[in-house]
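Heads up, the thing below is written out as structure tokens.
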Amino acid sequence: MGAAAQLPKHVNIVEVGPRDGLQNERVRLTVAQKVRLVDDLTAAGIRDIEVGSFVHPKWIPQMADTAAVFDSIRRDPDVNYWALVPNMRGLESALASTVSHVAVFLSSSETHNMRNINRTIAESTEIIREVVDAARSEGCTVRGYISTVFGCPYEGDVDFDRVLSIGASLLDMGVSQLSIGDTTGMGTPLQVRDGCARAIEEFGTEALALHLHDTRGLALANALMALEVGVTVLDASIGGMGGCPYAPGASGNVGTEDVVNMLDASGVETGIDIAALLRISRQLELDCGATLNSRYYRYSQAGAV
Ligand code: HMG
Ligand code: MG
């Protein structure tokens, strides 16, 4: 029990698989398959689910049917169902689908921001300001992603002061939580520990989430370091699906099963049923016709769980 002494008692997992995972899968799931995925994640005990995005369908065809998915999911009143939006057009679509939890996003490196949303960081900041204002006036809660915070695939090192200054401006606009993204898994454990400690010092624990991709296999080590300095919200993707289409080399997000298994083993509560997660991953593998990479899921498939 002593091993859990420096870790938080409870960690909230934000499940991003239906958006960050599926946006990068070659196979496109049907609306019914996506709806089952979200409903099963709800039943597994996840309290925050990113259902999809309202972006340009030419840029991300996998998300073209997000409105239809929102129309059919079972909405548990204890669960927040998030939609990612890049601009006012996306917000309007989200509101038409009675979305109440909206995520905005921009990058801390210019080149990635341009490749991802075709705007400079300054332009994105102004677009996001308008989106946050409008969303909040409609009663929405808004989350803000900052991408490439521990390194950019185009520009290399990213100055963390820049991340902090973008974070401060998002919070100033009324974003309730920042999710700092290691978009291509370039972060290393000590770097992530120091970055998260600085972000918590600046913004407080409540305002911070960490979004890890597992490109180089360091996501769990990075997550653990972050938890030790006070992070209590982790984004994860069922089966370890995911990536960013505009970040070469970005592989999946850290797998939800892997995070929950690590937390279960460390005495940290998540409220999530890991056996249910494994069943969801199995279904997803069948639906996608692709192999999922989360380590705990692969281990379970070897007949060990
Ligand atoms: P653009 O081409 O500059 O758009 O793309 P525009 O404003 O010039 O408009 C062009 C056309 O797109 C217009 O239509 C608009 O109506 C339409 P037209 O008049 O030509 O018929 N349009 C839209 N259509 C549907 N939905 C919209 C929308 N907005 C404009 N929301 C844009 C700019 C942002 C739209 C485009 O670049 C885009 O959709 N990008 C999506 C990028 C994306 O989804 N990336 C992945 C998510 S981010 C991520 O994965 C990172 C994260 O996980 C964190 C991490 O890992 O670090 C969050
Ligand atoms: Mg991501």
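One-based numbering, in listed order, for ligands and for the atoms of each. Owing to the predicted nature of the structure, the values given are computational and were not obtained by experimental measurement. Sequential numbering from 1 along the given sequence is applied to the chain's residues.
- Without hydrogens or angle criteria, Q177 side chain to R143 main chain gives no donor-acceptor distance under 3.5 Å.
- Considering backbone and side-chain atoms alike, D20 places an N or O below 3.5 Å from some N or O of ligand 1.
- Residue contact check for ligand 1: R19 places a non-hydrogen atom closer than 4.0 Å to it.
- Within the structure, the closest approach of L84 to ligand 1 falls below 4.0 Å when heavy atoms are considered.
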Go through I272 and I13 one step at a time and tell me if the side chain to side chain contact (heavy atoms under 4.5 Å, CB included) criterion holds. CA-CA 9 Å; I272 298 170; I13 305 287; 3.6 Å; yes

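- The side chain to side chain contact (heavy atoms under 4.5 Å, CB included) with L227 is formed by just one residue from the set L210, L234, N222, T232; it is L234.
- In the candidate list E123, R143, E92, H211, H211 is nearest to atom 56 (O) of ligand 1, counting heavy atoms.
- Both the sub-6.0 Å distance and the 45° axial angle are not jointly satisfied by R162 relative to the ring of F150.
- Within 6.0 Å of the CG atom in D157, the count of heavy atoms belonging to other residues, nucleotides or ligands does not exceed 12.
- Of the N or O atoms in Y145, none lie within a sub-3.5 Å distance of an N or O in ligand 1.
- Proximity of I117 to ligand 1, defined as any heavy-atom pair under 4.0 Å, is shared by backbone and side chain alike.
- Note on D20: counted as a metal contact of the Mg ion (ligand 2), an N/O/S atom lying under 2.8 Å.
- Closest heavy-atom approach to atom 6 (P) of ligand 1 among the candidates H56, M88, R119: R119.
- Within ligand 1, counting atoms from 1 as listed, the ones closer than 4.0 Å to a heavy atom of G90 are 31 (N).
- Checking only distances, S53 never comes within under 3.5 Å of ligand 1, N or O to N or O.
- At a heavy-atom cutoff of 4.0 Å, ligand 1 is contacted by no atom of M63, backbone or side chain.
- E92 places none of its side-chain heavy atoms less than 4.5 Å from the side chain of F54.
- Atoms OG and CG, on S100 and N80 in that order, are 7.0 Å from each other to the nearest 0.5 Å.
- At least one donor-acceptor pair closer than 3.5 Å links the side chain of S300 to the backbone N or O of Y297.
- Neither the backbone nor the side chain of V85 has a heavy atom within less than 4.0 Å of ligand 1.
- Between H211 and I180, every side-chain heavy-atom pair lies at or beyond the 4.5 Å cut-off.
- T256 places a side-chain N or O within donor-acceptor distance of the main-chain N or O of I238, the cut-off being under 3.5 Å.
- For ligand 1, the atoms closer than 4.0 angstrom to any heavy atom of I60 are 43 (C), 44 (O), 45 (N).
- Of all atoms in ligand 1, numbered sequentially from 1 with element shown, those under 4.0 Å from a heavy atom of S147 are 51 (C), 54 (C), 55 (C), 57 (O).
- A salt bridge does not link R298 with E257: every distance from a Lys NZ or Arg NE/NH1/NH2 to an Asp or Glu carboxylate oxygen is 4.0 Å or more.
- Geometrically, ligand 1 and P86 share no nitrogen or oxygen pair separated by less than 3.5 Å.
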Please report, to 0.1 Å, the donor-acceptor pairs under 3.5 Å made by any side chain of residues 32-43, with sequence neighbours excluded.
| from | atom 1 | to | atom 2 | distance (Å) |
| --- | --- | --- | --- | --- |
| Q33 | OE1 | T30 | N | 2.9 |
| Q33 | OE1 | T30 | OG1 | 3.4 |
| Q33 | NE2 | D287 | OD1 | 3.4 |
| K34 | NZ | Q62 | O | 2.6 |
| K34 | NZ | D65 | OD1 | 2.6 |
| D39 | OD1 | R74 | N | 2.9 |
| T42 | OG1 | V38 | O | 3.1 |
| T42 | OG1 | Y81 | OH | 2.9 |

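- The nearest non-hydrogen atom to atom 23 (C) of ligand 1, considering only R89, H213, H112, comes from R89.
- Atom 40 (N) of ligand 1 has its nearest heavy-atom neighbour, among V16, N116, D182, in N116.
- Per-residue contacts place T183 under 4.0 angstrom from the following atoms of ligand 1 (heavy atoms of the residue considered): 55 (C), 56 (O), 57 (O).
- For the Mg ion (ligand 2), the nearest N, O or S atom contributed by H211 is named NE2.
- Distances from atom 31 (N) of ligand 1 to the heavy atoms of F54, F105, W59 show the closest one on F54.
- Using a cut-off of 4.0 Å between Lys/Arg side-chain N and Asp/Glu carboxylate O, E126 and R129 are scored as salt-bridged.
- Contacts between N253 and ligand 1, counted as non-hydrogen atom pairs separated by less than 4.0 Å, are absent for every part of the residue.
- Between N118 and ligand 1, at least one N/O pair is under 3.5 Å apart.
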